[in-house]
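Here's the structure we're looking at; comments come further down.
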Amino acid sequence: MPVTASTAPSPGLSAYADVTASEASLRRFLHGLPGVDQVGAEARAAGLGTRSIKTTAKALALDLAITMVDLTTLEGQDTPGKVRALANKALRPDPADPTCPAVAAVCVYGDMVGVVKEVVGDKVNVAAVATAFPSGRASMEVKLADTREAVAAGADEIDMVIDRGAFLAGRYLQVYEEIVAVKEACGSAHLKVIFETGELQTYDNVRRASWLAMLAGTDFIKTSTGKVQPAATLPVTLVMLEAVRDFREATGVQIGVKPAGGIRTAKDAIKYLVMVNEVAGPDWLTPTWFRFGASTLLNELLMQRTKLATGRYSGPDYFTLD
Amino acid sequence: MNFEYAPAPESRAIVDIKPSYGLFIDGDFVDGHGTAFKSVNPATEETLAEIAEADAADVDRAVKAARKAFRGWSRMPGRERSKYLYRIARIIQERSRELAVLESIDNGKPIKESRDVDVPIVAAHFFYYAGWADKLEHAGLGANPQPLGVAGQVIPWNFPLLMLAWKIAPALACGNTVVLKPAETTPLTALLFAEICQQADLPNGVVNIVTGAGATGEALVTHPDVDKVAFTGSTGVGKAIARSIAGTDKKATLELGGKAANIVFDDAPIDQAVEGIVGGIFFNQGHVCCAGSRLLLQESVAEEVMAKLKRRMATLRVGDPLDKNTDIGAINSAAQLARIRALAEIGEDEGAERWSPPCELPSAGYWFPPTVFTGVSQAHRIAREEIFGPVLSVLTFRTPAEAVEKANNTPYGLSAGVWTEKGSRILFMADRLRAGVVWANTFNKFDPASPFGGYKESGYGREGGRQGLSAYLKAGA
C-alpha cells in the first residue's frame with residue numbers, strides 16, 4: 001500500500017531554520033530538549049505493557065499489526081529465490097485465509113529490489129536499506145550512490161542508517177546534512193532514518209537523534225538495523241513516539257515510527273500498538289505512520305489470528321515458512 | 001484508527017464472600033455484640049456482606065486474648081517467630097489473586113493496582129520483617145530490646161491490606177501481639193487475612209481482628225491494657241486519639257493526612273514528570289495520604305506541562321475496578337464522594353479553574369472524574385485542605401526558594417516530590433522540604449526497607465525499615 005505523506009515543506013518547520021544554521025545552534029537546541037528519566041520512561045513502558053487486549057480488540061490489533069509489518073530479510077546469504085519466496089509471503093501471508101491482509105512492505109538490500117518488485121508490483125511497497133547498511137561506515141558519495149541505485153531499481157522506501165560515530169562525537173550537523181542529502185537522493189521514495197538505538201545507548205540520545213532526523217526532513221524514524229543488540233525495545237519506542245507527537249504539535253508535520261528487530265511475539269506487537277495508541281495517538285495507528293521491522297513476527301501474528309478465529313492453536317507447520 | 005479496548009474483567013470467581021462475618025478473637029471467628037453493619041461494593045453499591053460490630057466487651061475479650069498470647073509469643077525465639085511471618089508472606093503470595101480481587105471489590109481500587117502494587121508490597125513487608133525477627137539486637141535499641149506488649153491498631157480504608165501489613169508485620173516480628181481494627185467500609189481483606197493466620201497456624205490470640213466504626217476504635221485505643229497505639233487515618237481522628245491516651249503510658253505512632261507538593265522545575269524530564277504527576281494524584285483515586293495533591297510548576301514550563309498533563313489525563317480509563325485496563329476506580333464511599341464534591345465546588349467558588357477530561361462515569365456506584373484546578377493560590381481551601389480524591393491543585397513558582405516556601409507552607413508534612421535533571425538541586429530541595437518522604441524524579445514509591453512517616457500534622461513515628469522497629473520495641477535492660 002502506497003504511503004501518502006505530504007512532501008511539501010510545512011510552514012511550521014521554517015521556525016526551526018535557525019536551529020540547523022550551525023553546529024553550535026544545533027547542539028544548543030538538541031541539548032536543550034527536556035531530558036528523559038530512564039527509570040520513569042521504563043516504568044511507563046512497562047505500565048502500558050500491562051494493558052489487557054482481548055477478543056474483538058485483539059482481532060483488530062492482530063490484523064492491524066500484520067498490515068504494519070515490513071517483512072524483512074537482510075542476510076549475506078539472501079538469494080533471488082529466497083527473496084522471491086518472501087515477496088510472495090508478503091502478498092499472501094496466510095494462503096489458507098483470503099481475508100488475511102497483506103503486509104506493508106518487503107525490506108531487502110538494494111540489489112534485491114528488482115527481484116521483489118517483479119513479484120509484488122504495486123501491491124506491496126519495496127523498502128531497501130542503504131547508506132552502507134548496517135554500519136554506515138562509508139563516504140558520502142558511496143552512501144548517496146547506494147541510495148540512488150536502490151531508488152532507480154524501484155524502491156518505494158529507503159531505510160538509511162545514521163553515522164553513529166559522528167553522532168556520538170557530537171558532530172550533529174554532519175549527521176543532519178547526511179540525512180538531508182540522502183532525502184534529496186530519495187526523490188519521491190520515502191525515507192526512514194535508522195538510529196541504531198542500541199549503539200546510541202541513552203534515551204537522551206534517542207530523543208536528540210529523533211529531533212535531528214525530523215528537522216532534516218525524514219518521513220520515518222526507525223530504531224535499529226536488527227544487527228545490534230538490543231534492537232527495538234518498548235522504552236526506546238516510547239521516547240520516539242513522544243518525539244513525533246511533540247514534533248507534530250510544534251510544526252504540524254507528522255512523522256512515522258518503525259521499531260525493528262527483536263519483536264517476535266504477537267503479544268509484544270500488541271504492546272507496541274497500545275503504546276502508539278496512548279502515547280502518539282490513534283492518528284499513528286496505520287501502516288502509513290507505524291511499521292514493524294520483523295520477519296518471524298509475521299507467523300506469530302498469523303498463528304494468533306487463526307487461533308482467535310477458530311479457537312484452535314495450530315502448529316508452526318500449518319503456516320508457510322516464507 | 002480507533003483502537004477500542006474490549007472489556008477485560010478479572011474473574012471474581014476466585015473469591016468466596018460469605019454472607020456474614022464475625023470477629024476474629026483468640027484464633028476463632030466469634031459473634032460480635034454490637035449492631036452488625038454492611039460492607040458495600042463502591043463500584044456497584046451492592047451489599048457484599050454483613051459484618052459484626054465489636055462493642056467494648058468484645059474489644060476487651062480481644063485485648064485479653066492478645067495479652068494471654070503475648071507471654072508465649074514474646075518469649076518465643078526470634079527465629080521461630082520469623083518462621084510464622086515467612087509462612088504468612090508465602091501464603092499471601094499464593095493467594096495473591098484472591099486478595100487482589102477481594103480488595104478491589106471491597107475498596108473500589110483498580111485491579112491493576114491491587115494486583116501489581118498493594119498485594120506484592122504486602123507480601124514484601126512480611127518477608128522484610130520476618131528477616132528482622134531474629135536480629136532485633138541490631139535495631140539500634142541496645143543489646144536486648146523488648147516488645148511493648150499488646151498493640152491496638154486502627155487502619156484506614158484506602159489501602160486496607162497494605163496498612164494491615166505495615167502494622168502487623170513489624171509488631172509481630174518484635175514479639176508484640178495485636179488487636180487490629182480495619183475501616184468499617186473495607187473489612188473484608190482483613191478478615192481474609194485472619195483466615196491466613198489460621199492457615200499459617202499462628203498461635204491463637206497473636207492476631208485479633210475486631211470490626212466496627214469509630215466507637216470500636218475508641219474502645220480499642222483507650223483500653224487500659226493496650227500498651228501501644230498505632231493509627232493511620234485522618235488528622236482529626238489522630239488528634240482525638242492523642243488526647244484520649246494523654247496521661248497514660250501508652251506509646252503511639254500516628255500516620256495522618258497530607259497535602260504534598262509535587263514540584264516540577266524547568267529542567268525536569270517533562271514526560272516522566274507528567275507521569276509522576278498523574279501517578280501522584282490519580283493513583284488509588286487520590287485516596288492516598290501522601291498524594292501529590294499540590295502541583296507546583298515553575299512558571300517558565302507551566303504552560304507546556306499543563307498541556308501535556310491534560311492530554312495525558314484524557315487517556316485515563318475510569319470505570320469497573322475489576323477491568324484490567326481500568327486506571328481509576330470507584331470512590332470508596334458515598335461520604336467520601338460527598339466530601340470531594342463539596343471541596344471541588346468550593347474550589348470553583350473561590351475562583352480556581354476546574355478541568356476534567358471528557359469521561360463517562362458509570363451510573364451506579366460512587367465516581368468522581370480526574371480533575372485539575374489551575375489558577376490556584378495558597379489562599380484557596382483546595383490548596384490547604386486534604387481532599388483525598390482525584391483532584392489536583394496547580395500553583396506556580398519562580399525560584400527554588402519560592403518553591404520551598406510554598407511547599408512548606410502547609411500544616412502537613414508527609415511527602416513531597418522534586419522533578420529536575422540537576423542532582424544538586426534535588427539535594428538542595430530535600431534538605432529544605434519539611435516532609436517525611438521526598439521523592440526525586442518519581443512519586444508514590446514504597447519499599448518495606450524505607451521508613452515512612454510525617455512532620456507536623458501528618459503525625460509522628462516511622463513505619464517501615466529499621467526505623468519502623470522502634471515503634472514496637474523498648475530498650476532492654
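The structure displayed is predicted, hence computed values, not measured ones. Naming: A, B, ... by sequence-line order, numbering from 1 per chain.
- For a residue to count as touching a neighbouring chain, one of its non-hydrogen atoms must lie under 4.5 Å from one of that chain's; by this rule B:Ala307 does not touch chain A.
- Taking each heavy atom of A:Ser52 and B:Ala8 in turn, the nearest pair found is OG-CB, 3.5 Å.
- Interface with chain B: from residues 202-216 of chain A, residues A:Asp204, A:Arg207 qualify, criterion being any non-hydrogen pair under 4.5 Å.
- Shown here for B:Tyr5 and A:Ala57, the closest heavy-atom pair between the two residues is CA-CB, 4.0 Å.
- Proximity to chain A involves both the backbone and the side chain of B:Asn325, based on heavy atoms less than 4.5 angstrom apart.
- Highest contact tally toward chain B, considering only A:Pro34, A:Gly40, A:Gly35, is held by A:Gly35 [criterion: heavy-atom pairs under 4.5 Å].
- Looking at A:Glu278, both its backbone and its side chain come within 4.5 Å of chain B, counting heavy atoms on both sides.
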Let's go through A:Arg51 and B:Asp327 carefully: what are the C-alpha distance in whole Å and the side-chain angles of both, what is the deciding distance for salt bridge (charged side-chain N to carboxylate O under 4.0 Å, His left out) to 0.1 Å, and is it a yes or a no?
CA-CA 10 Å; A:Arg51 289 283 191 225; B:Asp327 297 315; 2.9 Å; yes

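- Environment of CD in B:Glu303: sparse, with no more than 12 heavy atoms of neighbouring residues, nucleotides or ligands closer than 6.0 Å.
- In terms of heavy-atom pairs under 4.5 Å with chain A, the best-connected choice from B:Arg317, B:Lys112, B:Glu4, B:Glu421 is B:Glu421.
- By number of non-hydrogen pairs under 4.5 angstrom with chain B, the leading residue of A:Leu60, A:Thr55, A:Thr56 is A:Leu60.
- More than 12 heavy-atom neighbours from other residues, nucleotides or ligands sit within 6.0 angstrom of CD on B:Glu299.
- Between chain A and the residues B:Glu304, B:Lys308, B:Met1, B:Arg312, the largest count of heavy-atom pairs under 4.5 Å involves B:Met1.
- Atom NZ of B:Lys310 sits in a crowded spot, with more than 12 heavy atoms from other residues, nucleotides or ligands closer than 6.0 Å.
- Looking at A:Asp37, its side chain never comes within 3.5 Å of a backbone N or O of B:Pro269 through a donor-acceptor pair.
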Show, in sequence, the C-alpha distance, side-chain angles and deciding distance for B:Gln272 and A:Val39, and conclude whether the side-chain contact (heavy atoms from CB on, under 4.5 Å) test is met.
CA-CA 9 Å; B:Gln272 288 71 50; A:Val39 175; over 6 Å; no

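- With a threshold of 4.5 angstrom between heavy atoms, B:Glu275 approaches chain A through side-chain atoms but not through N, CA, C or O.
- Counting only heavy atoms from C-beta outward, the side chains of B:Phe3 and A:Leu64 never approach each other to under 4.5 Å.
- At a 4.5 Å heavy-atom cutoff, B:Asp266 makes no contact with chain A through either its backbone or its side chain.
- For chain B, the option among A:Leu273, A:Val274, A:Leu33 with the highest count of heavy-atom pairs below 4.5 Å is A:Val274.
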What's the verdict on side-chain contact (heavy atoms from CB on, under 4.5 Å) for A:Arg245 and B:Asp271, showing C-alpha distance, side-chain angles and the deciding distance?
CA-CA 12 Å; A:Arg245 176 197 70 193; B:Asp271 287 307; 2.8 Å; yes

